[in-house]
Amino acid sequence: DTAVSQTPKYLVTQMGNDKSIKCEQNLGHDTMYWYKQDSKKFLKIMFSYNNKELIINETVPNRFSPKSPDKAHLNLHINSLELGDSAVYFCASSQERTIMNEQFFGPGTRLTVL
Amino acid sequence: GQSLEQPSEVTAVEGAIVQINCTYQTSGFYGLSWYQQHDGGAPTFLSYNALDGLEETGRFSSFLSRSDSYGYLLLQELQMKDSASYFCAVNTDKLIFGTGTRLQVFP
């Protein structure tokens with residue numbers, strides 16, 4: 001039933017660790033995204049993939065590496081975690097690359113770096 | 001640069017009408033979207049305006065004026081469950097979100 005799912009929902013870890021967040025969508029969409037929402041609720045795009053191809057890569061530190069094994073999955077790996085990485089990370093998908101399409105968001109992963 | 005402005009907070013009572021304004025400055029503009037986000041929840045799509053004018057979806061309507069770089073979300077017959085944050089977002093080659101308006105509906 002779930003359209004866009006993410007795991008884990010909560011992630012608490014120490015500075016310097018490496019962690020991954022997984023995202024899957026069962027909507028048959030071609031395009032997937034990662035967003036970061038900070039403590040002030042500012043929502044900013046990080047990456048976008050269309051059919052496993054990276055199409056948007058915002059000014060994100062290269063400690064963040066997205067990986068799309070197939071068009072239904074977009075995972076986010078973060079190396080050497082820093083305090084400033086604490087945020088809620090949302091995965092989203094849309095039907096086509098065309099930005100006019102509605103984006104469907106996953107439930108979010110709340111990352112806390114201690 | 002690109003920027004969006006919307007009020008940080010709006011309060012209203014049940015049954016009232018509220019308008020949340022959004023002004024934007026951007027290049028490569030395709031349209032304006034609105035998303036709703038309840039506390040602890042995910043953003044959910046409400047509406048999209050590509051052309052000038054009013055789009056109505058049930059109790060919610062959205063308006064766009066491209067010449068004024070301005071849009072608004074109109075919420076009618078407010079209910080307690082409408083208490084949430086509302087984000088305008090410009091559609092360029094990506095979605096650029098505003099800072100959000102927190103709507104509190106009181107009984």
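Please read these numbers as outputs of a predicted model, since none were measured by experiment.
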Counting neighbours of [atom1] on [X] that are heavy atoms of other residues, nucleotides or ligands and sit closer than 6.0 Å, is the number greater than 12?
{"X": "A:Leu83", "atom1": "CG", "answer": "yes"}
{"X": "B:Glu14", "atom1": "CD", "answer": "yes"}
{"X": "A:Lys41", "atom1": "NZ", "answer": "yes"}
{"X": "B:Gln25", "atom1": "CD", "answer": "no"}

Exercise: identify the closest heavy-atom pair between B:Ala42 and A:Phe90: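 Distance-wise, the nearest heavy atoms are CA-CE2, 3.7 Å.
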Rounded distance [0.5 Å steps], OG1 in B:Thr99 versus CG in A:Leu43: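 Between B:Thr99 OG1 and A:Leu43 CG, I get 11.5 Å after rounding to 0.5 Å.
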Under 4.5 Å from any heavy atom of chain A - which part of B:Ser47: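 Nothing of B:Ser47, per the 4.5 Å heavy-atom cut-off to chain A.
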Between B:Ala89, B:Pro43, B:Ser85, B:Gly100, the one whose heavy-atom pairs under 4.5 Å with chain A are most numerous: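 Ranked by contacts with chain A, first place is B:Pro43.
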Under 3.5 Å donor-acceptor, B:Tyr35 side chain and A:Gln103 backbone: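 Present.
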Residue pairs involving residues 66-82 of chain A (criterion salt bridge (Lys or Arg N to Asp or Glu O under 4.0 Å); sequence neighbours excluded):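 Sorted result for residues 66-82 of chain A: A:Asp30-A:Lys71, A:Arg63-A:Glu82.
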A:Ser80: side chain to side chain donor-acceptor pair (under 3.5 Å) partners, not counting sequence neighbours: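 With sequence neighbours excluded, A:Ser80 shows a side chain to side chain donor-acceptor pair (under 3.5 Å) to no residue whatsoever.
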hydrophobic_cluster_shared for B:Leu73 and B:Val10, side chain cutoff 4.5 Å: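 Yes.
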Step-by-step side-chain contact (heavy atoms from CB on, under 4.5 Å) determination, A:Tyr35 to B:Leu95: CA-CA 10 Å; A:Tyr35 287 88; B:Leu95 266 187; 3.6 Å; yes
Side chains of B:Thr44 and A:Phe104 in contact at under 4.5 Å (non-hydrogen atoms):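 No. Closest side-chain heavy atoms not under 4.5 Å.
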Winner by heavy-atom pair count (cut-off under 4.5 Å) against chain B, out of A:Glu58, A:Arg110, A:Lys44, A:Lys40: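 Ranked by heavy-atom pairs under 4.5 Å with chain B, first place is A:Glu58.
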Ring centroid separation A:Phe105 to B:Phe45 under 6.0 Å: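 Judged by ring-centre distance (under 6.0 Å), A:Phe105 and B:Phe45 do not meet the cut-off.
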